Amino acid sequence: MRRRAGAGMIAGTVVLVACGGSAGSPSEGASASVTVPSAGNCAAGHAEVTVAPGDAPRREVCVRPGTVLSLVLRPRVDDRRWTGVRSSAPAFAVVSGRRLDADGTAHASLRCAGTRGGSTVVTVTAKAPDVAGAARVAFTLDVSVVPYPRQG
């Protein structure tokens, strides 16, 4: 019985690997509405995005696989505070850390996919602390992970 269960696990793993879609396909959670910037402008290693009051509520960023993206959210001028960070496709960029400073500045760390290419939408919510109801999206970051060109 044990031998048969082990063979089933191996066969299941092979099927899952063989059925994977191509990088950036909609089956992997990629967003088709995001235009990928030219690969020559993509950040590699470590990148920082700072959002200050008055900045555009939506931005695009292009990164290479394995990049750690630091998101710095300056204190808001209205009564709302930064409350959360969420990635629409954690396979491409996952929120790996978040903290809120005493002055209202929020910091979030995003780890991008190690080898795969694709895109995700990172949303940041804000809410007034004394008002009932859910927090609303206050900033959106379109992250495109562009793999290095293949040789040979």
Side-chain angles (χ1 to χ4, degrees), residues 8-53 55-76 78 80-129 131-151:
M9 284 180 33
I10 292 171
T13 304
V14 172
V15 170
L16 287 174
V17 172
C19 292
S22 63
S25 69
S27 66
E28 292 183 296
S31 172
S33 65
V34 177
T35 57
V36 178
S38 67
N41 297 332
C42 294
H46 181 5
E48 185 173 285
V49 176
T50 301
V51 179
D55 285 354
R58 187 174 200 108
R59 281 199 211 162
E60 292 183 7
V61 65
C62 175
V63 296
R64 293 293 188 175
T67 301
V68 175
L69 190 61
S70 296
L71 188 57
V72 179
L73 305 155
R74 298 285 178 216
R76 299 179 54 88
D78 57 6
R80 296 174 11 168
R81 295 184 187 154
W82 302 111
T83 57
V85 181
R86 182 183 168 274
S87 174
S88 66
F92 299 119
V94 65
V95 179
S96 60
R98 186 174 93 74
R99 77 172 197 272
L100 185 62
D101 292 344
D103 68 349
T105 301
H107 301 269
S109 179
L110 300 160
R111 296 178 55 95
C112 297
T115 58
R116 299 167 54 177
S119 59
T120 183
V121 177
V122 176
T123 54
V124 183
T125 55
K127 179 184 178 303
V131 178
R136 298 191 182 216
V137 174
F139 178 72
T140 303
L141 183 65
D142 296 319
V143 179
S144 298
V145 181
V146 179
Y148 291 100
R150 294 183 182 175
Q151 295 179 0

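For clarity, every value in this text was computed on a predicted model and none was experimentally measured.
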Margin query: With a 6.0 Å cut-off (strictly less than), is the heavy-atom count around CZ of R98, excluding the residue itself, greater than 12?
Written below: yes
Item checked: Heavy-atom neighbours of R80 CZ exceed 12 at 6.0 Å -> yes
Looking only at atom types and distance, does a side-chain atom of [X] sit under 3.5 Å from a main-chain N or O of [Y], one as donor and one as acceptor?
X: T120; Y: V143; answer: no
X: S88; Y: V121; answer: yes
X: T67; Y: C112; answer: no
X: D101; Y: D103; answer: no
X: T83; Y: T125; answer: yes
X: S87; Y: V95; answer: no
X: R64; Y: P147; answer: yes

Can you give me the closest heavy-atom contact between [X] and [Y], atom names plus distance?
X: G133; Y: K127; result: O-CE, 2.7 Å
X: R74; Y: P53; result: CB-CD, 4.0 Å
X: A113; Y: A91; result: CB-O, 3.4 Å
X: G117; Y: F92; result: O-CE2, 3.2 Å
X: P65; Y: V146; result: CD-O, 3.2 Å

Margin query: Less than 4.5 Å apart, side chain to side chain, heavy atoms only: is that true for C42 and V63?
Written below: no
Check: Just wondering, do L69 and L141 contact through their side chains at under 4.5 Å, heavy atoms?
Finding: yes
Notebook entry, point to check: Between V51 and V124, is a side-chain contact (heavy atoms from CB on, under 4.5 Å) present by the stated rule, with each step listed?
Noted result: CA-CA 11 Å; V51 179; V124 183; over 6 Å; no
Check: Out of curiosity, T140 OG1 to R58 CZ, how far, rounded to the nearest 0.5 Å?
Finding: 5.0 Å
Margin query: Which residues pass the side-chain contact (heavy atoms from CB on, under 4.5 Å) test with S70, not counting sequence neighbours?
Written below: H46, E48
Next item on the list: Measure from NZ or CZ of R59 to the centre of the six-membered ring of F139, then state whether that distance is under 6.0 Å and the direction lies within 45° of the axis.
Entry: no
